[in-house]
Structure formats: C-alpha cells, structure tokens
Amino acid sequence: MKNVYDIVRRPVITEQSMEAVADKKYVFMVDVDANKTEIKQAIETVFGVKVAKVNTIRMQGKVKRTGAYPAGKRAEYKKAIVTLTADSKTIELFEGMV
C-alpha cells in the first residue's frame with residue numbers, strides 16, 4: 001500500500017492551472033503508477049475535500065541534447081486534474097495565488 005504523500009507529489013502552478021481554480025479544478029503532479037481511485041482517496045485524505053472527478057494525463061519525457069554524446073532525457077511524469085464537488089471547500093494551498 002502506498003502512502004498518500006507518495007501518490008500526490010506536488011501541485012502544478014501555471015497560468016492555465018490557476019485559471020481553472022475558479023471552476024474548482026486543481027492540478028497535481030502524481031505518481032506514475034497511481035490510478036484514479038488512489039488519487040481521489042489521497043486528495044480527499046490530505047486536503048479534507050470531496051472529489052467529484054479525476055482526469056489524468058501521462059507526459060512522456062523529452063530527449064534533450066546535451067551538446068555531445070550521450071543525449072539526455074527528461075523524466076516522465078503524470079498529472080492529475082482534480083475537480084471538486086460544488087459543496088466542497090476549496091484547497092487552501094491555492095488561495096493566495098489566484
């Protein structure tokens with residue numbers, strides 16, 4: 001069994017993700033092996049909110065040139081877009097950034 005803090009790595013803070021906070025959508029970087037039900041349970045446990053829906057997207061790592069052989073590669077990661085229910089409270093982590 002994974003720890004909830006191993007599943008939810010960190011929040012994604014971008015312009016696009018901050019605009020989605022108005023619709024109660026929050027973006028998190030999550031463990032690559034975590035599924036939607038594990039992500040939902042982890043978010044509800046850590047932040048004390050009610051999750052309505054979880055969308056996930058796997059981002060492939062890019063091959064980057066380092067100037068010479070061998071070429072480097074960025075890490076692969078997984079993002080989760082978490083939508084909260086209408087009666088749920090907001091996540092305080094994002095409060096001052098909007």
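Please read these numbers as outputs of a predicted model, since none were measured by experiment.
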Main-chain N/O of [Y] paired with [X] side-chain donor or acceptor, under 3.5 Å:
{"X": "Lys24", "Y": "Lys89", "value": "no"}
{"X": "Asn35", "Y": "Glu38", "value": "yes"}
{"X": "Thr56", "Y": "Ala80", "value": "no"}

Do [X] and [Y] have side chains that get closer than 4.5 Å, going by heavy atoms?
{"X": "Leu84", "Y": "Val51", "answer": "yes"}
{"X": "Ile91", "Y": "Phe28", "answer": "yes"}
{"X": "Met18", "Y": "Ile13", "answer": "yes"}
{"X": "Val8", "Y": "Ile39", "answer": "no"}

Which atom of Arg74 lies closest to which atom of Lys64, heavy atoms considered: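 The pair with the smallest heavy-atom distance is NH2-CE, 3.5 Å.
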Heavy-atom closest contact (Gly72 atom, Thr66 atom, distance):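 Shortest heavy-atom contact: N-CG2, 3.6 Å.
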Connected via hydrophobic side-chain network under 4.5 Å: Tyr77 and Val63: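 No, no single cluster joins them.
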Common cluster, Ile57/Val32, ILVMFWY with side-chain heavy-atom separation under 4.5 Å: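 No.
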Distance, nearest 0.5 Å, that separates CD1 of Ile81 from CG of Asp23: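 The CD1 atom of Ile81 sits 12.0 Å away from the CG atom of Asp23.
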Counterpart residues, salt bridge (charged side-chain N to carboxylate O under 4.0 Å, His left out), relative to Lys73 (two or more places apart):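 Only Glu76 meet the salt bridge (charged side-chain N to carboxylate O under 4.0 Å, His left out) criterion with Lys73.
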Pairing residues for Arg10 by the salt bridge (charged side-chain N to carboxylate O under 4.0 Å, His left out) criterion, not counting sequence neighbours: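 Arg10 satisfies salt bridge (charged side-chain N to carboxylate O under 4.0 Å, His left out) with no residue once adjacent residues are dropped.
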Partners meeting side chain to side chain contact (heavy atoms under 4.5 Å, CB included) with Glu19 (sequence neighbours left out):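 Not a single residue meets the side chain to side chain contact (heavy atoms under 4.5 Å, CB included) criterion with Glu19.
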Candidate pair Val27 and Lys79, rule side chain to side chain contact (heavy atoms under 4.5 Å, CB included), full reasoning: CA-CA 7 Å; Val27 183; Lys79 290 193 300 187; 4.3 Å; yes
Verdict with supporting geometry, Tyr26 and Thr90, side chain to side chain contact (heavy atoms under 4.5 Å, CB included): CA-CA 10 Å; Tyr26 299 93; Thr90 60; 3.5 Å; yes
Residues Asp31, Lys78; criterion salt bridge (charged side-chain N to carboxylate O under 4.0 Å, His left out); working and verdict: CA-CA 6 Å; Asp31 184 37; Lys78 188 174 194 177; over 6 Å; no
